[in-house]
Amino acid sequence: MRTTWRNTAWCVRGVTALLVLPLLALDLMFIGLSPMATDSCGPDHCSAALMTSLAAAPVVWLVAAALLVLTWALPSRPRYGVTRGVAAAGAFAAGALVIGILANLPMG
């Protein structure tokens with residue numbers, strides 16, 4: 001069977017969804033647990049670096065989710081292939097970045 005550009009587009013979308021959706025679910029769990037990092041200092045007395053990291057994580061998560069949606073929203077045409085690939089890679093990178101941000105929170 002001959003591989004067409006439509007099959008390639010669906011393959012990129014499917015692989016991206018299989019990789020990024022569980023990662024976004026895991027990220028969301030950690031984002032929900034991350035406010036406990038302020039338990040020792042209270043939200044009013046924590047360092048600015050900690051509060052910035054806690055505020056940045058949900059924004060990066062939204063970027064990852066938007067890039068995942070973009071991979072599905074782009075038409076299945078060859079001229080959007082590169083854009084679809086960049087969006088797919090960006091979605092995975094942003095999802096991994098959320099884990100990196102929350103795993104390396106500065107001291108409060």
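When reading the values below, keep in mind they use all heavy atoms of this one structure, side chains included, and skip hydrogens, waters and symmetry mates. When a residue number appears, it is its place in the shown sequence, counting from 1.
The minimum heavy-atom distance between A37 and S40, with the atom names listed, is O-OG, 4.3 Å. Smallest separation of non-hydrogen atoms from L68 and T71: O-OG1, 2.5 Å. In terms of heavy-atom proximity, L19 sits nearest to F92 at CB-CD1, 4.3 Å. Here the closest non-hydrogen pair linking D27 and G95 is OD2-O, 2.8 Å.
No single ILVMFWY cluster, assembled from side-chain heavy atoms under 4.5 Å apart, contains both V69 and V63. Under the 4.5 Å side-chain contact rule for hydrophobic residues, L26 and V15 share a cluster. Linking Ile, Leu, Val, Met, Phe, Trp and Tyr residues whenever their side-chain heavy atoms come within less than 4.5 Å places V60 and M29 in a single cluster. With hydrophobic clusters built from ILVMFWY side chains whose heavy atoms lie under 4.5 angstrom apart, V98 does not share a cluster with V59. Taken together through direct or relayed side-chain contacts under 4.5 Å among Ile, Leu, Val, Met, Phe, Trp and Tyr, I99 and L21 form part of one hydrophobic cluster.
The CG atom of L23 lies 10.5 Å from the CG atom of L97; values are rounded to the nearest 0.5 Å. In this structure, CG on L70 lies 10.0 Å from CZ on R13, to the nearest 0.5 angstrom. Distance check, rounded to the nearest 0.5 Å: CG of L102 to OG of S53 gives 8.0 Å.
Annotation for V82: hydrophobic cluster partners, listed by chain and number, are V86 (ILVMFWY side-chain heavy atoms under 4.5 Å, direct or chained).
At distances below 3.5 Å, not a single donor-acceptor pair connects side-chain atoms of R84 with backbone N or O atoms of V12. A donor-acceptor distance shorter than 3.5 angstrom exists from the side chain of W61 to the backbone of L24, with no hydrogens or angles considered.
The stretch residues 66-87 participates, sequence neighbours left out, in these ring-ring contact (aromatic ring centres under 6.0 Å, His included) pairs: W10-W72.
Under the side-chain contact (heavy atoms from CB on, under 4.5 Å) rule, L54 has a single partner from I31, T38, I101, which is T38.
With a 4.5 Å cut-off on side-chain heavy atoms, M36 and D39 count as touching.
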